Amino acid sequence: QVQLVESGGGLVQAGDSLRLSCTASGRTLSRGTMAWFRQAPGNEREFVAAISPSGGSLNYADSVKGRFTISRDNAKNTVYLQMSTLKPEDTAIYYCAARVGAAVTDNQVRYDSWGQGTQVTVSS
């Protein structure tokens, strides 16, 4: 398994931007797909975005397409989530996840390592 630590969350206003980071230790990050999920109060955890080991394949939830961008720097063992034009409905705890393999799946049961999460709050 790999240990994941998220950072970059905070309180912003609607329309603002925010960048989340997830740094990995343990297993080499470059060997697996990385993803972001989020969980809003009272809701199930949902998929946000995923990126393949090389960065060549991406997958986004419809709700964030065109506003969020996932990227990775394998040399730094870090994956990012650039969030723009934030909306109040983006308020959630954001989790970083990792899995072995190249499939950019949105199925959370396919991910075997998870971070503790970082809170993002968007005020209207």
Side-chain angles (χ1 to χ4, degrees):
Q1 284 196 343
V2 60
Q3 291 73 48
L4 304 171
V5 178
E6 303 96 335
S7 62
L11 172 62
V12 296
Q13 294 187 332
D16 284 353
S17 298
L18 201 61
R19 189 177 80 158
L20 305 182
S21 299
C22 172
T23 300
S25 60
R27 187 178 74 213
T28 303
L29 185 65
S30 62
R31 294 179 182 175
T33 290
M34 300 296 298
W36 290 93
F37 290 79
R38 67 185 182 185
Q39 186 168 20
N43 289 357
E44 303 264 329
R45 187 161 58 186
E46 64 177 10
F47 171 76
V48 176
I51 185 168
S52 63
S54 67
S57 294
L58 306 174
N59 186 13
Y60 292 98
D62 288 342
S63 59
V64 305
K65 277 181 183 176
R67 300 189 299 121
F68 290 11
T69 301
I70 189 170
S71 62
R72 65 192 295 161
D73 185 337
N74 288 338
K76 295 182 178 180
N77 259 9
T78 301
V79 62
Y80 305 97
L81 185 68
Q82 178 67 49
M83 306 184 291
S84 303
T85 320
L86 282 161
K87 306 175 181 179
E89 51 263 44
D90 294 318
T91 295
I93 299 174
Y94 283 71
Y95 297 92
C96 177
R99 65 178 300 272
V100 175
V104 286
T105 178
D106 60 3
N107 187 348
Q108 57 184 295
V109 301
R110 302 280 298 275
Y111 291 84
D112 59 3
S113 298
W114 293 84
Q116 293 300 306
T118 185
Q119 176 71 48
V120 172
T121 304
V122 184
S123 64
S124 56

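Bear in mind that the values here come from a model prediction, so they are computed numbers and not experimental data. The figures here come from the full heavy-atom set of this structure, side chains too, leaving out hydrogens, waters and symmetry mates.
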Note to self: Would you say the ring centers of F37 and W114 fall short of 6.0 Å from each other?
What the structure shows: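 Close enough - the centres of the two rings lie under 6.0 Å apart.
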
Looking only at atom types and distance, does a side-chain atom of [X] sit under 3.5 Å from a main-chain N or O of [Y], one as donor and one as acceptor?
X: N59; Y: V104; result: yes
X: T33; Y: G101; result: yes
X: Q39; Y: E44; result: no
X: D106; Y: A61; result: no
X: R99; Y: R110; result: yes
X: Y111; Y: T105; result: yes
X: R38; Y: A92; result: no

Report yes if the side chains of [X] and [Y] come closer than 4.5 Å at any heavy-atom pair, otherwise no.
X: R72; Y: M34; answer: yes
X: W36; Y: L20; answer: yes
X: E6; Y: Y94; answer: no
X: S17; Y: Q82; answer: yes
X: I70; Y: V79; answer: yes
X: V48; Y: Y60; answer: no
X: L18; Y: V120; answer: yes

Between [X] and [Y], what is the shortest heavy-atom contact and its length?
X: G117; Y: I93; answer: CA-CG2, 3.8 Å
X: V2; Y: A98; answer: CG1-CB, 3.7 Å
X: A40; Y: T91; answer: CB-O, 3.6 Å

Checklist line | Member of T78, L81, D73 meeting the side chain to side chain contact (heavy atoms under 4.5 Å, CB included) criterion with S21 | finding: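 Result for side chain to side chain contact (heavy atoms under 4.5 Å, CB included) with S21: T78.
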
Check: Does anything in residues 69-124 pair up under disulfide (SG to SG under 2.5 Å), and if so which pairs, sequence neighbours excluded?
Finding: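 Listed once each, the pairs are C22-C96.
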
Item checked: Pairwise distance CG(D16) to CG(D90) - rounded to 0.5 angstrom ->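 Taking CG in D16 and CG in D90, the distance rounds to 11.5 Å.
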
Item checked: Straight-line distance of Q13 CD to L11 CG, nearest 0.5 Å ->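 The CD atom of Q13 sits 8.0 Å away from the CG atom of L11.
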
Notebook entry, point to check: Going hydrophobic residue to hydrophobic residue with side-chain gaps under 4.5 angstrom, can you get from V122 over to V64?
Noted result: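 Yes.
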
Notebook entry, point to check: L4 and I51: same hydrophobic cluster, using ILVMFWY side-chain contacts below 4.5 Å?
Noted result: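 Yes, same cluster.
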
Check: Among pairs that include at least one residue of residues 115-124, which meet side chain to side chain donor-acceptor pair (under 3.5 Å), considering only residues two or more places apart or in two chains?
Finding: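 For residues 115-124: Q119-T121.
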
